[in-house]
Amino acid sequence: MTTVSAYAATSANEPLTKTTITRRDVGPHDVAFDIHFAGICHSDIHTVKAEWGEPNYPVVPGHEIAGVVTEVGTDVTKFKVGDRVGVGCFVDSCRECDQCRAGEEQYCTNPGMIGTYNSVGRDGEPTQGGYSGAIVVDENYVLRIPDSLPLDAAAPLLCAGITLYSPLRHWNAGPGTSVAVIGLGGLGHVGVKLAHAMGAKVTVLSQSLKKMEDGLRLGADEYYATSDPGTFETLAGSFDLILNTVSANLDLNAYLKLLKLDGTLVELGMPERPMSVAASALVFARRSLAGSLIGGIAETQEMLDFCAEHDVRPEIEVITPDYINEAYQRVLASDVRYRFVIDTATLRG
Ligand code: NAP
Ligand code: ZN
Ligand code: ZN
């Protein structure tokens with residue numbers, strides 16, 4: 001076992017503080033790597049604030065992890081020391097259920113994927129995430145970061161990137177399709193870039209017009225404020241696909257009416273409380289309401305390669321670990337442009 005520095009939450013109400021955690025010895029199939037950067041996802045905040053149930057404190061969050069390999073196990077074939085790698089939201093799964101066999105490990109049913117943090121690993125120990133100096137992960141759950149992507153900007157792709165890429169592909173976004181993204185935060189801004197790179201027409205639906213210039217620069221064709229009731233009249237029946245990235249409850253019925261016949265609204269945000277849906281918002285235009293969870297390992301690699309090829313890079317604000325608590329406050333205030341990424345240098349070796 002090795003000891004590494006980390007930032008952990010010890011309760012829902014206390015700030016995260018510096019601590020140490022242990023990482024397991026490198027097994028035959030393991031890759032050990034130094035973490036260089038870790039993105040701050042809103043899911044980290046939901047988890048440590050116990051909005052999805054009481055987590056197993058202490059929790060070291062972080063599932064947008066990028067770094068460089070320092071050691072590989074004797075049977076590792078996919079990676080070598082010095083490789084640039086990443087880890088996303090899960091570090092293992094059963095590998096045997098239909099979903100795992102189909103490369104949809106995030107939907108593992110036996111009993112479920114092993115989360116990068118706040119889960120229990122195969123060794124029976126709690127998993128701890130990327131706000132730390134180093135990590136050890138089975139090679140089958142490690143991604144290769146293409147050379148042209150800087151490690152800091154690549155980190156948010158491991159969760160925000162794949163969470164938007166997967167539904168855009170699944171619902172066939174591309175030339176001739178009209179896609180709306182609700183919420184221009186960490187997930188949303190990558191969604192705008194990806195949908196634009198895939199050739200879709202992209203509309204941002206944000207609370208205000210404050211970030212409009214950014215949205216258009218990121219690749220949006222149109223930008224509307226949802227605080228203006230006129231938006232919902234103007235855009236009625238406009239979209240093939242709406243991706244909802246908002247971390248809070250919305251009036252889904254108002255947004256469903258923005259879909260065309262047969263359109264789909266995909267829930268990506270995971271607010272604390274349930275939301276209600278009127279049957280009429282679906283029935284009158286054969287609309288669908290769906291959800292989507294991150295993406296499998298193969299699709300995550302495909303997404304990273306797509307981002308390298310199309311120069312899709314998250315817009316980031318790099319911070320030091322002692323700024324994590326302030327960054328959380330700014331995410332909660334929708335004051336993030338557009339992903340905080342922790343430079344973990346002070347947590348390494
Ligand atoms: P984020 O950076 O905070 O972005 C969320 C955006 O939603 C904000 O920037 C804001 O955009 C909008 N918003 C926030 N509060 C709002 C409110 N009360 N009403 C309307 N709009 C509001 O968060 P994120 O990291 O992108 O994550 C977003 C959500 O996705 C979280 O719930 C997270 O847990 C979830 N998530 C899901 C998956 C998945 O696999 N499904 C993966 C990762 C994260 P504007 O300022 O533009 O309005
Ligand atoms: Zn996330
Ligand atoms: Zn499985």
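Atoms within each ligand, like the ligands themselves, are counted from 1 in listed order.
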Protein N/O/S neighbour count - the Zn ion (ligand 2), strictly under 2.8 Å
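Under the 2.8 Å cut-off, the count stands at 3.
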Within-shell test, [X] vs ligand 1, heavy atom, strictly < 4.0 Å:
X	result
E267	no
L250	yes
Y223	no

Which residue supplies the protein heavy atom nearest to [atom], what is that atom called, and how far is it?
atom	answer
atom 14 (C) of ligand 1	S334 OG, 3.5 Å
atom 4 (O) of ligand 1	G185 CA, 3.4 Å
atom 39 (C) of ligand 1	T163 CG2, 3.4 Å
atom 23 (O) of ligand 1	H42 CB, 3.1 Å
atom 31 (C) of ligand 1	H46 NE2, 3.4 Å
atom 33 (C) of ligand 1	S43 OG, 3.4 Å
atom 5 (C) of ligand 1	T245 O, 3.8 Å
atom 30 (O) of ligand 1	G269 CA, 3.3 Å

Checking side chain to side chain contact (heavy atoms under 4.5 Å, CB included) between K78 and each of N140, V85, V31, which is the one that passes?
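Exactly one pass, corresponding to N140.
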So that I can tick it off, tell me whether [Y] and [X] are bridged by a salt bridge, with the cut-off set at under 4.0 angstrom between side-chain N and carboxylate O.
X	Y	answer
D262	K260	no
D214	R217	yes
E105	R95	no

Does [X] reach the main-chain N or O of [Y] with its side chain, forming a donor-acceptor pair under 3.5 Å?
X	Y	value
K211	L184	yes
Y107	L293	yes
Y165	A160	no
D83	V69	no
T127	S119	yes
T19	A6	no
T177	G174	yes
S227	Q207	yes
E317	R337	no

Per-atom contacts, ligand 1 versus [X] - under 4.0 Å to a heavy atom:
X	result
V331	3 (O)
W52	34 (O)
L293	40 (O)
C159	42 (C), 43 (C)
L187	24 (P), 25 (O), 26 (O), 27 (O), 30 (O), 36 (N), 43 (C), 44 (C)

Hydrogens and angles aside, do R24 and T2 bring a side-chain donor and acceptor to less than 3.5 Å of each other?
no
Exercise: do S93 and Y141 side chains pair donor with acceptor under 3.5 Å:
yes
Under 4.5 Å side-chain heavy-atom separation, chaining through any Ile, Leu, Val, Met, Phe, Trp or Tyr, what else clusters with L282? Say none if it is isolated.
I182, L205, Y224, F232, L235, F239, I242, V246, L250, L252, Y255, L256, L258, L259, L265, M275, V277, L289
Could you list who else is in W52's hydrophobic cluster, with ILVMFWY side chains joined at under 4.5 Å, directly or through other members?
M270
Side chain proximity check, [X] to [Y], heavy atoms < 4.5 angstrom:
X	Y	answer
V68	V81	no
R286	L261	yes
Y223	S206	yes

For atom 46 (O) of ligand 1, the option (of R339, K211, M270, K210) bearing the nearest heavy atom:
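Shortest heavy-atom distance from atom 46 (O) of ligand 1: K211.
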Looking only at non-hydrogen atoms, which of V246, L268, I294 approaches atom 40 (O) of ligand 1 most closely?
I294
Which of the protein's N, O or S atoms come within less than 2.8 Å of the Zn ion (ligand 3), not counting waters?
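Per the 2.8 Å query on the Zn ion (ligand 3), atoms found are C94 SG, C97 SG, C100 SG, C108 SG.
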Please say whether [X] places an N or O atom under 3.5 Å from an N or O atom belonging to ligand 1.
X	result
S292	yes
S206	yes
C41	no
G183	no
V336	no

Report the part of A248 (side chain from C-beta onward, or backbone N, CA, C, O) that has a heavy atom under 4.0 Å from ligand 1; answer both or neither where that applies.
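Just the side chain.
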Would the number of heavy atoms belonging to other residues, nucleotides or ligands and lying under 6.0 Å from NE2 of H46 be above 12?
yes
